[in-house]
Number of protein chains: 2
Amino acid sequence: MEEDFLRELGMLSITTRLKRITDKMLHDGKKMYQELGLDIEPNWYVIFLILDEHESLSITEIANKIQFAHPSVVAMVEKMTKKGFLISVPHETDNRKRYIQLSEKAKTKLPTYKKIWAAGVSGMNAMIGHTNFLNLLNEIEDKLNDTGFKNRTLNELNANEN
Amino acid sequence: MEEDFLRELGMLSITTRLKRITDKMLHDGKKMYQELGLDIEPNWYVIFLILDEHESLSITEIANKIQFAHPSVVAMVEKMTKKGFLISVPHETDNRKRYIQLSEKAKTKLPTYKKIWAAGVSGMNAMIGHTNFLNLLNEIEDKLNDTGFKNRTLNELNANEN
DNA sequence: TTAATTTATGTAGTCAACTACGTAATAATA
DNA sequence: TATTATTACGTAGTTGACTACATAAATTAA
């Protein structure tokens, strides 16, 4: 077994380790789609599923619902449109807006993709289903949204000065 | 309170949410150093502390100890050297190797930085110290290192086909 | 009705990890 | 000893999120 200096550092290295884990998962996911010969990317499930549920949403609506910055959504939608999975419909009166919808191709392929995603969930469950990781994640996100990491640290710094 | 579609998706969106959290923390950390007027970056603590402990390490040794790919270490070391925090000493006999060490400037500044990092740990502890998050992280990393996310999913897929 | 503000989208560039590949030096083997 | 394999490091390019800024349309206010 290799040494892991980050692990030794405990709480200090949480952020770095989360990034390390996340990168590994993302990379692994990418490879999985390639091996399965599927022409989609790992994070597209979000768009597929939200449009499966809502049928027609604007860029901003999607961004709000998934709590991403809107340029991230623009980028995903652009790629998926190029691959023929999405279509854009201009708003009837508001010329700024466009509505994003699943294409027929997307609707056809969706059941197949859903099976893959379900298998991913099973794998994840087998790995961490017995823990309360999901609840912890919710808690951390709530707290970070309330008071960011920066302010929490600055508060601690000020407290120590007294 | 805003809707959060990712949260509704449960286990399926774990990776995406981890990235979302991680990005937020990194960005927040960056801003913190700026506000404090410190000329260092959020992830440099790893290099500072490992060289505080070991004094003289090669690029590859650092990469192994923190379990990063070596080009990541090269990039960090390069930046820190430019800022005057690190020096490189060529190996006496092996012309491929260079040893990385803390500069005098780094040694002078280190106590100040350590206070900041300690405050960060306090903040993190106040936030998630009551949980077993650290243990969970260890468990997840161990399992991912053992069998990656991809293979876990492919196994589940095959299992369902029978 | 004109001006100011807000909203929706798009573009450009950043960030911190990664892989893939290249090269030179060293070590191991035939 | 000559060849081959390994090791150390470096460079180039990718990834998927982000911020900051730009622009045009719609709404609100003066």
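First the proteins, then the strands, lettered A, B, ... as listed; each starts at 1.
As judged by a 4.0 angstrom heavy-atom cut-off over every strand, B:Ser88 is placed among residues making no nucleic acid contact.
Rounded to whole angstrom, the span from the CG atom of A:Leu144 across to the C1' atom of D:dC18 amounts to 16 Å. The interatomic distance linking A:Gln34 (CD) with D:dT15 (C1') rounds to 12 Å, in whole Å. Rounded to whole Å, atom P of D:dG16 lies 19 Å from atom CD1 of B:Ile21. Whole-Å rounding puts the A:Lys24 NZ to D:dG16 P distance at 17 Å. Between B:Leu18 atom CG and D:dG16 atom P there is a gap of 15 Å when expressed in whole angstrom units. A straight line from NZ of A:Lys31 to P of C:dC18 spans 14 Å, rounded to a whole angstrom.
Residues satisfying the side-chain hydrogen bond (donor to acceptor under 3.5 Å, both in side chains) test with B:Thr81, not counting sequence neighbours, are none. Under the rule for a side-chain contact (heavy atoms from CB on, under 4.5 Å), the partners of A:Thr131 that lie at least two apart in sequence or sit in another chain are A:Ile128, A:Phe133, B:Leu136, B:Glu139. For B:Asn95, the side-chain contact (heavy atoms from CB on, under 4.5 Å) criterion is met by no residue, not counting sequence neighbours. When the side-chain hydrogen bond (donor to acceptor under 3.5 Å, both in side chains) test is applied to A:Asn155, no partner is found at least two apart in sequence or on another chain. Partners of A:Asp52 under the side-chain hydrogen bond (donor to acceptor under 3.5 Å, both in side chains) rule, at least two apart in sequence or in another chain, are A:Lys114. Here B:Glu41 pairs with B:Lys30, B:Asn43, B:Trp44, B:Lys79 under the side-chain contact (heavy atoms from CB on, under 4.5 Å) rule; sequence neighbours left out. The salt bridge (Lys or Arg N to Asp or Glu O under 4.0 Å) check on B:Arg7 picks up A:Glu141, A:Asp142, B:Asp4, with sequence neighbours excluded. Checked against side-chain contact (heavy atoms from CB on, under 4.5 Å), B:Ala75 has no partners two or more places apart in sequence or in another chain.
In plain terms, the two heavy atoms of B:His70 and B:Ala63 that are nearest each other are CA-CB, 3.8 Å.
Side chains of B:Tyr45 and A:Ser13: no donor on one and acceptor on the other come within 3.5 Å.
Sorted by first then second residue, the salt bridge (Lys or Arg N to Asp or Glu O under 4.0 Å) pairs that include residues 102-112 of chain B, not counting sequence neighbours, are B:Glu104-B:Lys107.
In terms of phosphate contacts, A:Asn95 brings no side-chain nitrogen or oxygen within less than 4.0 Å of OP1 or OP2 of D:dA24.
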Distances under 3.5 Å only, N/O to N/O: pair up the protein atoms with those of nucleotides 6-13 of chain D.
residue	atom	partner	partner atom	Å
D:dT7	O2	B:Arg96	NH1	2.5
D:dC9	OP1	B:Arg98	N	3.1
D:dC9	OP2	B:Thr60	N	2.8
D:dC9	OP2	B:Thr60	OG1	2.5
D:dG10	OP1	B:Arg98	NH1	2.4
D:dG10	OP2	B:Arg98	NH1	2.9
D:dG10	N7	B:His70	NE2	2.8
D:dG10	O6	B:His70	NE2	3.1

Name the pairs: protein N/O against N/O of nucleotides 15-17 of chain C, kept only if under 3.5 Å.
residue	atom	partner	partner atom	Å
C:dA16	OP1	B:Lys30	NZ	3.0
C:dA16	OP2	B:Glu41	OE1	3.4
C:dA17	OP2	B:Asn43	ND2	2.3

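When the C1' atoms of four end pairs are superposed on the next four at each end of the helix from C:dT1-D:dA30 to C:dA30-D:dT1, using five pairs per end, the two resulting axes differ in direction by 0°, to 10°.
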